[in-house]
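Naming convention: chains lettered A, B, ... in sequence-line order (proteins, then strands); numbering from 1 in each chain.
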Amino acid sequence: MANEAKKPAQEVGKFQAIISHCKEYGFIFPSSEIYDGLQAVYDYGQMGSELKKNIKDYWWKSMTQLHDNIVGIDAAIFMHPTTWKASGHVDNFNDPMIDNKDSKKRYRVDHLIEGHAELLKADGKEKEAEELLAAMDALLAKDDFAGLKQLIEDNKMVCAISGTCNWTDIRQFNLMFSTEFGSTEASEIPPAGGGGANKVYLRPETAQGIFVNFLNVQKTGRMKVPFGIAQIGKAFRNEIVARQFIFRMREFEQMEMQFFIRPGTQKEWYEFWKAERLKWHRSLGIPAEKYRYHDHIKLAHYADAACDIEFDFPMGFKELEGIHSRTDFDLRSHQEYSKKKQQYFDNDIDPATGKPYGNYIPFVIETSIGLDRMFLAVLSQAYEEQDLSTPERPDSRVVLKLPASLAPIKLAVLPLTKKDGLPEVAERIMSDCRPHFRCFYEEKDSIGKRYRRMDALGTPFCVTVDHQTLQDDTVTIRYRDTMEQERIPIEKIKELVMNAIG
RNA sequence: GCGGAAGUAGCUCACCUGGUAGAGCGACAGCUUCCCAAGCUGUAGGUAGCGGGUUCGAGUCCCGUCUUCCGCUCCA
């Protein structure tokens, strides 16, 4: 990843301010806060859960409703343990680590040993290098950490920084959280199919729920390639360093879509979804310069092309969404492990041969966006501290310029005073609008104070009922972003808000 | 994981050299106010992160621990 210039202190301050704002106005709370919190876990509050849900709905609708060839599913978080063998998560993401006690530098054990093997080769000791790597593979396969440490010490492998051979014991870094399946602990009952048979994982990505249901959906939905399956759901990953608020959490939510295509067409579909996804982001009205692509050079084990859509967060440009060309890796792997064919029969005529394309394992283009990251992107883009001071007196406001379609509350209904029959009129407006979108009624405090409170929550519209309303059935509508207001008939309110929220 | 800083009311902070906690904002109830916060009255809210030690007495000194933030490291 390209190195970013450090954000100025002002931006760091803005990030802090956003975090505080989130807590103070009921968007996001630290998990289990009364017990000092749980590292890298957060709860969404009364406002945050609305905003989050609106982002979800916006994505879901644009993916499924607006694409005839994409359907949604909601797969379970628990999956058969073999799923994660097939996906490569068990083998590829369980990295034994070792620390040098002098330099405090941490290494992946395999990287350390492979590095040493390279040195041997450079010395012309090809045979020794091969033997070393073979010994490592054998020990890794057995999870023999003591043996691996012995191997490192026997070969006098030293830390590049400290130059010493003073190592800690080897520890395992587990990407996935695991738990016990069944009501009895594993130790009390004999494992059904070998050791650890009762161990299940909390899924580290939602994608596998889609892959294992590929044929279910294709057949029951009579889907024809190319088609997509979308899913929104929780995923869980142990993070080495989990920080930066909701940007990197241990429990997070993904919005993924796997698009199944004819082999050989992956390049064009990859480009298609790359462009399509950026279009989606821009449709929210966020400026284009806040986004950029970042192509991956080093690819994950399942991909033949990958890029991120990065967003200019308060702490710099960071990954928001990934678009990956996953080849047929996942379906092919599931076919091998499950012994169930994961093929699709394509009846379309191949112009090259004049015959149907026939049976094949589809290739896959994945779009995967972090819902929590999207939340943070939307919020940090919307957050603004404004200085409204006049020569007479200082004044300021905090406003969330959220897209109206995403705002937790769409309309505030405010009687100018709480007597003279104004609340009764306001209540009528509430009853009229409540079924259609989220409204908020407030009669306490001065009108200005109420406007500012709504600004802080990102409410795009406030209507105020005053004495003139009693005469001519009009109200003042006040716009959040411009703070301008105008007079409109009561019967126009609903229509105006509905148009704005799409 | 390493280094640095910080943890006192919902928020921002004060209490200097140890004597059983204060302010502003916010919240709530009311008054006032007829269109953009900080007008008036009243009320609620803290065993000073947690544990231990020193002391007649600790928010204040010492040790430990947890959490958060900043930097470095690491990372799919």
Side-chain angles (χ1 to χ4, degrees), chain A residues 1 6-7 9 12-13 15-17 19-26 29-40 45 87-89 92-95 97-108 111 161 168 171 173-176 204-205 235 237-245 248 296 298-303 306 308 315 319 322 324 368 370 386 388-390 393-399 412 414-420 422 443-456 462-470 475-480 482-487:
Chain A
M1 185 172 293
K6 290 275 175 282
K7 283 279 167 175
V12 173
F15 194 29
Q16 293 312 317
I19 295 169
S20 301
H21 192 86
C22 279
K23 193 189 160 195
E24 193 153 1
Y25 288 91
F29 309 119
S31 162
S32 326
E33 197 185 7
I34 61 169
Y35 294 109
D36 287 328
L38 189 60
Q39 204 176 51
S87 71
H89 284 85
N92 288 321
F93 298 106
N94 276 0
D95 304 322
M97 316 279 258
I98 193 164
D99 293 10
N100 185 272
K101 289 181 188 167
D102 300 315
S103 66
K104 308 294 184 193
K105 173 88 178 156
R106 171 173 295 174
Y107 294 86
R108 268 173 60 171
H111 287 179
I161 311 242
T168 63
R171 286 172 297 181
F173 164 65
N174 293 310
L175 168 87
M176 291 190 287
E205 63 173 15
R237 295 181 194 181
N238 253 320
E239 300 289 349
I240 300 173
V241 190
R243 264 194 231 169
Q244 292 182 311
F245 196 42
R248 180 166 282 123
H296 288 205
K298 215 179 90 188
L299 296 170
H301 61 276
Y302 50 73
D308 295 333
M315 64 281 188
E319 177 187 352
H324 291 212
S368 174
Q386 296 178 334
L388 304 173
S389 298
T390 59
R393 61 162 198 178
D395 192 9
S396 67
R397 72 165 179 162
V398 173
V399 56
L414 315 170
L416 195 56
T417 67
K418 58 182 127 179
K419 44 185 194 195
D420 304 333
L422 300 186
E443 60 181 33
K444 192 179 148 40
D445 290 321
S446 74
I447 191 68
K449 215 165 187 173
R450 282 178 272 170
Y451 286 155
R452 299 301 174 86
R453 268 203 289 264
M454 288 298 109
D455 288 341
C462 296
V463 293
T464 300
V465 177
D466 60 16
H467 291 82
Q468 190 186 328
T469 308
L470 303 176
V475 293
T476 314
I477 185 160
R478 181 264 195 186
Y479 300 100
R480 176 195 66 198
T482 59
M483 298 173 71
E484 282 167 3
Q485 41 194 50
E486 59 183 332
R487 204 89 208 162

Below 3.5 Å, does any donor atom in the side chain of A/Ser20 face an acceptor in the base of B/C11, or the other way round? no
For A/Arg478, give me all partners under salt bridge (charged side-chain N to carboxylate O under 4.0 Å, His left out), at least two apart in sequence or on another chain. A/Asp455
In whole angstrom, what separates A/Leu416's CG from B/U33's P? 12 Å
Looking only at atom C1', what distance separates B/U54 and B/G64, rounded to whole Å? 15 Å
Rounded to the nearest Å, what distance is computed from the CG atom of residue A/Asp395 to the C1' atom of nucleotide B/A38? 9 Å
Kindly point out which of B/C34, B/C36, B/C35 is positioned nearest to the side chain of A/Arg452? B/C36
Taking atom P in both B/C16 and B/A58, what distance in whole Å separates the two? 16 Å
Could you measure between the two P atoms, the one in B/G46 and the one in B/A5, and give it in whole Å? 32 Å
Among B/C75, B/A76, B/A37, the one nearest A/Leu175 by side-chain distance: B/A76
For A/Glu205, enumerate each residue passing the side-chain hydrogen bond (donor to acceptor under 3.5 Å, both in side chains) test, keeping only those at least two apart in sequence or located in another chain. A/Gln208, A/Arg326
Report the residues that fulfil side chain to side chain contact (heavy atoms under 4.5 Å, CB included) with A/Ala306, sequence neighbours left out, ordered by chain and then residue number. A/His296, A/Leu299, A/His324
How long is the line joining NZ of A/Lys23 and C1' of B/C11, in whole Å? 8 Å
So do the side chains of A/Tyr25 and A/Arg453 get within less than 4.5 Å of each other, counting heavy atoms only? no
Decide yes or no, distance alone: a donor-acceptor N/O pair under 3.5 angstrom between the base of B/C35 and the side-chain of A/Asp466. yes
Rounded to whole angstroms, how far apart are CD1 on A/Ile19 and C1' on B/C70? 12 Å
Could you work out which one of B/C11, B/U33, B/C36 sits closest to the side chain of A/Ser446? B/U33
Determine the interatomic distance between P on B/C34 and the same-named atom on B/A44; round to the nearest Å. 31 Å
Side chain to side chain contact (heavy atoms under 4.5 Å, CB included) partners of A/Phe29, counting only residues at least two apart: A/Lys23, A/Gln46
Inter-residue atom distance A/Arg450.CZ - A/Leu416.CG, 0.5 Å rounding: 7.0 Å
Nearest-Å distance once atom P is located in both B/A23 and B/C15: 15 Å
Close N or O pairs between protein and nucleotides 43-51 of chain B (under 3.5 Å):
none

Side chain of A/Ile447 (C-beta onward), nearest among B/C36, B/C35, B/C34: B/C35
Which residues pass the side-chain hydrogen bond (donor to acceptor under 3.5 Å, both in side chains) test with A/Gln468, sequence neighbours left out? A/Asp472
With sequence neighbours left out, what residues match A/Lys444 under side chain to side chain contact (heavy atoms under 4.5 Å, CB included)? A/Glu442
Between C1' on B/C36 and OH on A/Tyr479, what's the gap in Å once rounded to a whole number? 16 Å
Whole-Å distance, A/Phe245 CZ to B/C70 P, equals 12 Å
When you look for runs of 3 or more Watson-Crick or G-U pairs in a row, both distances below 3.5 Å, which of them include RNA chain B? B:1-7 with B:66-72, B:10-13 with B:22-25, B:27-31 with B:39-43, B:49-53 with B:61-65
Can you list the steps and then say if A/Asp445 with A/Arg452 is a salt bridge (Lys or Arg N to Asp or Glu O under 4.0 Å)? CA-CA 11 Å; A/Asp445 290 321; A/Arg452 299 301 174 86; over 6 Å; no
Between B/C35, B/C34, B/C36, which nucleotide gets closest to the side-chain atoms of A/Met483? B/C36
With A/Asp420, which residues qualify under salt bridge (charged side-chain N to carboxylate O under 4.0 Å, His left out), at least two apart? none
Ignoring hydrogens and angles, are the base of B/C36 and the side chain of A/Arg478 linked by a donor-acceptor pair under 3.5 Å? yes
For A/Val398, does its backbone N or O pair with a side-chain atom of A/His21 as donor and acceptor, under 3.5 Å? no
Protein-nucleotide distance (A/Tyr451, atom OH; B/A37, atom P), rounded to Å: 11 Å
Determine the interatomic distance between C1' on B/G71 and the same-named atom on B/C63; round to the nearest Å. 27 Å
Distance, C1' atom - from B/G1 to B/C62, rounded to whole angstrom: 27 Å
Closest to the A/Arg248 side chain, choosing from B/C34, B/C75, B/C11: B/C75
Tell me the closest heavy-atom pair linking A/Val475 and A/Val465, and the distance in Å. CG1-CG2, 4.1 Å
Protein proximity profile, nucleotides 25-31 of chain B - base contact B, sugar-phosphate-only contact S, no contact -, cut-off 4.0 Å on heavy atoms: -SSSS--
The residue, A/Lys419 or A/Leu388, whose nearest nucleotide of RNA chain B is more 5′ is A/Lys419
Heavy atoms only, 4.0 Å cut-off, all strands: where does A/Arg397 land among base, sugar-phosphate and nothing? nothing
Measuring only the C1' atom in each nucleotide, how far is B/G59 from B/A21? A whole number of Å is fine. 8 Å
With sequence neighbours excluded, residues passing side-chain hydrogen bond (donor to acceptor under 3.5 Å, both in side chains) with A/Glu484: none
Residue set satisfying salt bridge (charged side-chain N to carboxylate O under 4.0 Å, His left out) with A/Arg237, at least two apart, ordered chain then number -> none
Does a side-chain N or O from A/Gln16 land closer than 4.0 Å to OP1 or OP2 of B/U68, or not? no
Rounding to an integer number of Å, can you tell me how far A/Met454 CE sits from B/C35 C1'? 16 Å
